[in-house]
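In what follows, chains are A, B, ... by sequence order, proteins preceding strands, each numbered from 1.
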Number of protein chains: 2
Amino acid sequence: MVDAAPAPIEADWSEADNCAGALGALVGGFGASARSAADCPVRDVLDRLGDAWSFLVVLRLADGPVRFNELKRQVGGVSQRMLTVTLRGLERDGLVDRTVFPTTPPRVEYRLTALGNSLVEPMTALTRWAATNHDSVRAARARYDTLPA
Amino acid sequence: MVDAAPAPIEADWSEADNCAGALGALVGGFGASARSAADCPVRDVLDRLGDAWSFLVVLRLADGPVRFNELKRQVGGVSQRMLTVTLRGLERDGLVDRTVFPTTPPRVEYRLTALGNSLVEPMTALTRWAATNHDSVRAARARYDTLPA
DNA sequence: CGGGATCCTACGTGATACTG
DNA sequence: CAGTATCACGTAGGATCCCG
């Protein structure tokens with residue numbers, strides 16, 4: 001198997017207002033009711049999209065089905081193992097569909113599920129923000145780094 | 001200092017189409033031109049929002065200024081160090097503003113900058129998606145985990 | 001209260017080799 | 001081609017102590 005236990009994060013959020021304020025309300029209101037990260041949608045879902053790879057893979061898959069190695073090339077910089085792990089995770093979460101063609105050599109195609117596709121739009125919003133404000137961020141960094149030691 | 005080197009990721013994306021397809025176009029088109037992660041807006045920005053903390057902190061800050069320990073409690077589960085590191089990162093990126101009141105005991109307030117605020121909306125889109133589809137994701141996981149060994 | 005400095009460990013990650 | 005298995009490393013992150 002490839003990395004069994006995902007990490008048994010089990011802190012005590014009993015007093016935490018994890019899903020914070022206005023958005024907390026939007027999300028459904030947590031705080032005292034949330035027992036673990038899994039109970040907080042924001043965390044649960046974002047923890048997965050958190051790792052750059054998942055995000056990039058979904059983005060790439062938004063263009064249509066792709067084969068493993070093609071995907072690997074297009075994403076770029078991802079190791080075979082991480083791509084596999086990432087795809088398994090996305091598949092597990094029902095965002096990606098994996099199809100194996102019993103040919104030789106084997107052919108495996110990955111594509112977004114309906115659920116996965118519904119995620120593309122919100123992700124695009126963030127991506128667009130990134131594109132639009134990339135310069136501002138870089139400028140801010142430069143400024144910050146040129147300050148006192 | 002707190003964690004100097006951010007991580008010298010310097011792979012060779014020369015052939016990679018990092019910002020993928022349709023969104024790649026939207027983003028500005030990379031591929032052969034991109035030399036490092038820093039050149040890809042999606043990666044550059046998302047790598048920061050990637051870690052759950054940044055995302056959650058910004059979300060919380062969207063409700064208004066907060067003091068350090070208050071923020072720590074509200075986010076929940078974050079260690080003092082990580083909150084500090086996270087806030088420094090956000091400050092560096094120009095998303096968060098840090099104000100120190102020279103009182104005793106010290107009082108430090110964090111609030112979103114204009115740039116930070118502009119990020120709230122796209123983040124909300126993702127958050128809303130998470131809230132809406134959390135059940136589907138959990139269901140998918142349960143299904144996946146009950147399959148063949 | 002806010003946070004800097006240290007120490008220490010787990011696990012994420014890449015490189016490599018093997019299979020069908 | 002599409003993985004799986006193994007190993008070895010780095011660093012992200014938690015715990016702690018202390019200072020202004």
Side-chain angles (χ1 to χ4, degrees), chain A residues 1-13 37 43 47-48 50-54 56-57 65-91 96-111 148-149, chain B residues 1-13 16 37 43 47-48 50-54 56-57 65-92 96-111 148-149:
Chain A
M1 193 191 298
V2 183
D3 285 11
I9 300 176
E10 256 320 319
D12 174 32
W13 321 107
R43 296 202 184 201
D47 275 1
R48 185 154 300 270
D51 69 294
W53 299 140
S54 292
L56 292 172
V57 166
V66 200
R67 297 180 57 178
F68 186 86
N69 277 322
E70 193 188 346
L71 186 54
K72 182 170 183 301
R73 274 190 303 274
Q74 294 177 333
V75 169
V78 63
S79 69
Q80 188 179 46
R81 183 178 170 285
M82 283 321 295
L83 183 55
T84 301
V85 171
T86 298
L87 285 168
R88 289 288 181 280
L90 292 172
E91 191 190 354
V96 164
D97 189 36
R98 177 170 178 264
T99 313
V100 182
F101 299 84
T103 61
T104 66
R107 172 192 181 85
V108 181
E109 262 190 13
Y110 293 91
R111 72 180 64 221
Chain B
M1 193 188 295
V2 182
D3 285 10
I9 300 175
E10 254 323 317
D12 174 33
W13 321 106
R43 295 201 183 200
D47 275 1
R48 184 151 301 265
D51 68 292
W53 299 140
S54 291
L56 293 172
V57 166
V66 200
R67 297 180 56 177
F68 186 87
N69 277 321
E70 194 188 345
L71 186 55
K72 183 170 184 298
R73 275 190 303 274
Q74 293 177 335
V75 169
V78 63
S79 69
Q80 188 181 50
R81 196 178 89 85
M82 282 322 293
L83 183 54
T84 301
V85 171
T86 298
L87 285 169
R88 289 289 180 279
L90 292 173
E91 191 191 353
R92 189 170 102 100
V96 164
D97 189 35
R98 178 172 178 261
T99 312
V100 182
F101 299 84
T103 62
T104 67
R107 172 192 181 85
V108 181
E109 262 190 15
Y110 293 90
R111 72 181 63 220

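Taking 4.0 angstrom as the limit, B:Arg67 places none of its side-chain polar atoms (N or O) nearer than this to OP1 or OP2 of C:dC1.
Without hydrogens or angle criteria, A:Thr86 side chain to A:Trp53 main chain gives no donor-acceptor distance under 3.5 Å. The closest donor-acceptor contact from the side chain of A:Asn69 to the backbone of A:Lys72 lies at 3.5 Å or more, if one exists at all.
At a threshold of 4.5 Å between non-hydrogen side-chain atoms, the residues B:Ser54 and B:Leu90 count as touching. Side chains of B:Thr99 and B:Val108 form no contact here, defined as non-hydrogen atoms less than 4.5 Å apart.
Distances from the side chain of A:Met82 to the nucleotides D:dC1, C:dG14, C:dC1 place C:dG14 closest. Distance from the side chain of B:Gln80 is smallest to D:dC17 among D:dG3, D:dC17, D:dG14. Closest to the side chain of A:Arg98, from the set D:dT4, C:dC1, D:dA2, is D:dA2. Relative to the side chain of A:Trp53, the nucleotides C:dG14, C:dG2, D:dG3 differ in distance, and C:dG14 lies closest. Taking every side-chain heavy atom of B:Thr84 into account, C:dG4 is the closest of C:dG4, C:dG2, D:dA2. Nearest to the side-chain atoms of B:Arg81 among the listed nucleotides D:dG13, D:dG3, C:dG14 stands D:dG13. Closest to the side chain of B:Pro106, out of D:dG3, D:dG20, D:dG14, is D:dG20.
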For the pair A:Arg98 and A:Glu109, evaluate side-chain contact (heavy atoms from CB on, under 4.5 Å) and give the outcome as yes or no after the intermediate values. CA-CA 6 Å; A:Arg98 177 170 178 264; A:Glu109 262 190 13; over 6 Å; no

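The distance between atom CG of B:Asp51 and atom C1' of D:dG13, rounded to the nearest whole Å, is 11 Å. Rounded to whole angstrom, the span from the CZ atom of A:Arg88 across to the C1' atom of D:dG3 amounts to 7 Å. The distance between atom CZ of A:Arg107 and atom P of D:dG3, rounded to the nearest whole Å, is 13 Å. Atom C1' of nucleotide C:dG20 and atom CZ of A:Phe101 are separated by 19 Å, given to the nearest angstrom. When the P atom of C:dG12 is taken as reference, atom CG of B:Asp47 falls 17 Å away, rounded to whole Å. We find that CG of A:Leu87 is positioned 11 Å from P of D:dA2, with the value rounded to whole Å. Rounded to an integer number of Å, the gap from OH of B:Tyr110 to C1' of C:dG2 is 7 Å. A straight line from CZ of A:Arg73 to C1' of D:dA2 spans 13 Å, rounded to a whole angstrom.
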